[in-house]
> 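Below is a structure I'd like to ask you about.
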Amino acid sequence: HALSTVQWKDTAETVKYTLQYRVGEEDWSTEVPTITDVGEKVIHIRAVPADSSYPTAYLNGREEATVTIEVTPATITVTTGGASRAYNGQALTSDVISVEGVVNNEVTNWRTTGSQTEVGSSSNTYTWETAESYKAENYNPVVEKLGTLEVTPNSSEGVTLSVEGYSGTYDAQKHSVTNEKVEGAVEGTQWTYQYRTSEEAEWSDEKPTFTDAGNYTVYVKASNSNYADLTASADVVIEKATITVTTGGASRAYNGQAL
């Protein structure tokens, strides 16, 4: 950028004048000073006659005038796209991005980098490349309008929990449900199992066991933050054992002795 307009008060006679410029204490020059980067320059200006017998022209009533030229920071605005879906084990992304306010192609090759796989949300971040001419001080802080990538819990539709119960006769051993298994979820999904022995009881990480004869129902809950909870139940049935006592018999003719 350079000085755009200079006016001076000429003499009544036709005299050729040359504009001269300087910044600070530099030498006078006919080259108009310019400024590119953010900042300002105070420029001194004078009009020098071609014929030295004439005085220096007056600029705004003075032999020398000063003007200030200023470049203020540009503002880059980055807008990225958002997206939302239920958990499916795959990364959720959006490649939508717009960048405004870049000067002279000093910023190029912008692209989004955001990714969300687990249930939750995060900003759709971005990256870009800068040219050699790029100077951070020539720009205001970037105005970011980042989209949100949101993964919501899977409804668990098509995902099932199964559990096996137990049935047997009392043997003084501990018995419980076994083989808790979730099917239909994304492969490799890890589940946390909890148990309770009635629909009113609190869930517990400890699996209940039973030894005495009886009929017991165990409720099982499978949890993963990416899915709705799954529940199932199974019975532990311990039948009473039967004790059979068998004794020996004998026979003889009476002899007055105990048989």
Side-chain angles (χ1 to χ4, degrees), residues 1-6 23-24 32-43 66-161 182-192 194 203 221-231:
H1 297 275
L3 188 65
S4 58
T5 303
V6 176
V23 177
V32 180
T34 62
I35 183 172
T36 301
D37 294 328
V38 168
E40 65 178 30
K41 282 185 178 180
V42 177
I43 300 175
T66 59
V67 294
T68 300
I69 56 176
E70 181 182 13
V71 175
T72 58
T75 299
I76 296 177
T77 300
V78 179
T79 304
T80 61
S84 177
R85 73 170 179 216
Y87 173 79
N88 66 356
Q90 304 297 316
L92 175 63
T93 61
S94 172
D95 59 4
V96 175
I97 183 172
S98 66
V99 179
E100 300 176 344
V102 175
V103 176
N104 197 32
N105 294 321
E106 292 182 337
V107 174
T108 58
N109 296 330
W110 46 77
R111 60 192 182 278
T112 59
T113 58
S115 177
Q116 183 73 30
T117 301
E118 303 298 321
V119 167
S121 63
S122 59
S123 296
N124 191 10
T125 52
Y126 64 93
T127 187
W128 60 27
E129 297 176 7
T130 57
E132 291 185 4
S133 60
Y134 173 83
K135 296 179 182 179
E137 56 268 25
N138 285 331
Y139 293 87
N140 289 314
V142 176
V143 176
E144 296 180 333
K145 300 178 180 179
L146 304 184
T148 298
L149 302 174
E150 181 181 19
V151 175
T152 58
N154 191 295
S155 65
S156 297
E157 181 178 353
V159 182
T160 58
L161 167 65
V182 174
E183 295 181 302
V186 174
E187 184 177 355
T189 301
Q190 300 297 312
W191 295 88
T192 298
Q194 291 183 303
W203 291 104
K221 180 175 71 172
S223 301
N224 179 285
S225 60
N226 296 316
Y227 290 85
D229 289 343
L230 303 171
T231 58

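The analysis underlying the following values was restricted to heavy atoms, covering all of them including side chains, and did not include hydrogens, waters or symmetry mates.
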> If you apply the rule side chain to side chain donor-acceptor pair (under 3.5 Å), what do you find for Thr75 with Asn140, and how did you get there?
CA-CA 5 Å; Thr75 299; Asn140 289 314; 2.8 Å; yes
> Would you please test Ser122 and Gln116 for side chain to side chain donor-acceptor pair (under 3.5 Å) and show each step?
CA-CA 7 Å; Ser122 59; Gln116 183 73 30; 2.8 Å; yes
> Taking Asn154 for its side chain and Ser156 for its backbone only, find out whether a donor-acceptor pair lies under 3.5 Å.
yes
> Does a salt bridge link Asp37 with Lys135, judged by any charged N lying under 4.0 Å from a carboxylate O?
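Looking at Lys135 together with Asp37, the answer is yes, because their closest N to O distance falls below 4.0 Å.
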> Could you pull out the closest heavy-atom pair between Val119 and Tyr87, with the gap in Å?
CG2-CB, 4.1 Å
> Considering only heavy atoms from C-beta outward, does the side chain of Trp128 approach that of Ile76 to under 4.5 Å?
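With C-beta onward as the side chain, the pair touches.
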> In chain order, what residues pass the ring-ring contact (aromatic ring centres under 6.0 Å, His included) check against Trp110, with sequence neighbours excluded?
none
> Report yes if some heavy atom in the side chain of Ser123 is under 4.5 Å from a heavy atom in the side chain of Thr148; otherwise report no.
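They are not in contact (no side-chain heavy atoms under 4.5 Å apart), so the answer is no.
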> Hey, mind stepping through Gln90 and Leu92 against side-chain contact (heavy atoms from CB on, under 4.5 Å) and telling me if it holds?
CA-CA 6 Å; Gln90 304 297 316; Leu92 175 63; over 6 Å; no
> Distance from Thr160 atom OG1 to Glu157 atom CD, nearest 0.5 Å?
12.5 Å
> Between Thr112 and Asp95, do the side chains contain an N or O donor and an N or O acceptor separated by less than 3.5 Å?
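No pair is found: no donor N or O on one side chain lies under 3.5 Å from an acceptor on the other.
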> Minimum heavy-atom separation for Pro153 and Ala86, please, with both atom names.
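Residues Pro153 and Ala86, closest heavy atoms: O-CB, 4.2 Å.
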> For Asp229 and Ser223, which I'm curious about, is there any donor-acceptor pair between the side chains at under 3.5 Å?
yes
> Go through it in stages, so that I can follow the logic: the residues are Thr77 and Lys145, the test is side-chain contact (heavy atoms from CB on, under 4.5 Å), and I'd like the CA-CA distance, side-chain angles, deciding distance and then a yes or no.
CA-CA 7 Å; Thr77 300; Lys145 300 178 180 179; 4.1 Å; yes
> Nearest 0.5 Å, what's the OG1-CG distance between Thr80 and Leu146?
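Rounded to the nearest 0.5 Å, the OG1-CG separation comes out at 4.5 Å.
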> Would you kindly say whether Thr113 and Thr125 are connected by a side-chain donor-acceptor distance under 3.5 Å?
yes
> Between Val182 and Tyr227, is the side-chain contact (heavy atoms from CB on, under 4.5 Å) condition met? List the steps.
CA-CA 11 Å; Val182 174; Tyr227 290 85; over 6 Å; no
> If I take atom CD from residue Glu150 and atom OG from residue Ser121, how far apart are they, to the nearest 0.5 angstrom?
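The distance works out to 5.5 Å.
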> Which heavy atom of Lys41 sits nearest a heavy atom of Val23, and at what distance?
CD-CG2, 4.5 Å
> Between Gln190 (side chain only) and Thr192 (backbone N and O only), is there a donor and an acceptor less than 3.5 Å apart?
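Side chain of Gln190 to backbone of Thr192: no pair is present.
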> Between Asn88 and Arg85, which heavy-atom pair has the shortest distance, and what is it?
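That closest heavy-atom pairing would be OD1-NH2, 3.3 Å.
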> Between atom OH of Tyr134 and atom CD of Glu106, what is the distance when rounded to the nearest 0.5 Å?
8.5 Å
> With side chains defined as the heavy atoms from C-beta onward, is the minimum distance between Ile97 and Arg111 less than 4.5 Å?
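Heavy-atom side-chain distance check fails, nothing below 4.5 Å.
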> What verdict does the side-chain contact (heavy atoms from CB on, under 4.5 Å) test give for Leu230 and Val159, after you've listed the backbone C-alpha separation in whole Å, the side-chain angles of each residue and the deciding distance to 0.1 Å?
CA-CA 8 Å; Leu230 303 171; Val159 182; 3.6 Å; yes
> Could you report the tightest heavy-atom contact between Val96 and Asn124, atom names first, then the distance?
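Taking every non-hydrogen atom into account, O-ND2, 4.4 Å.
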> Would you say that Asn226 contacts Glu118 through its side chain, given a criterion of any heavy-atom pair below 4.5 Å between the two side chains?
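Yes, side chains in contact.
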> How long is the gap from OG1 on Thr79 to OH on Tyr126, to the nearest 0.5 Å?
10.0 Å
> Test your reading of the model: is there a side-chain donor-acceptor pair from Thr108 to the backbone of Asn105, 3.5 Å cut-off?
no
> Grab the two heavy atoms, one from Ala228 and one from Ser155, that are nearest each other, plus how far apart they are.
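That would be CB-O, 4.0 Å.
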> Taking atom CG of Leu161 and atom OG1 of Thr231, what is their separation to the nearest 0.5 Å?
7.5 Å
> Any heavy-atom pair between the side chains of Val103 and Tyr139 that's under 4.5 Å?
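Yes, at least one pair of side-chain atoms sits under 4.5 Å.
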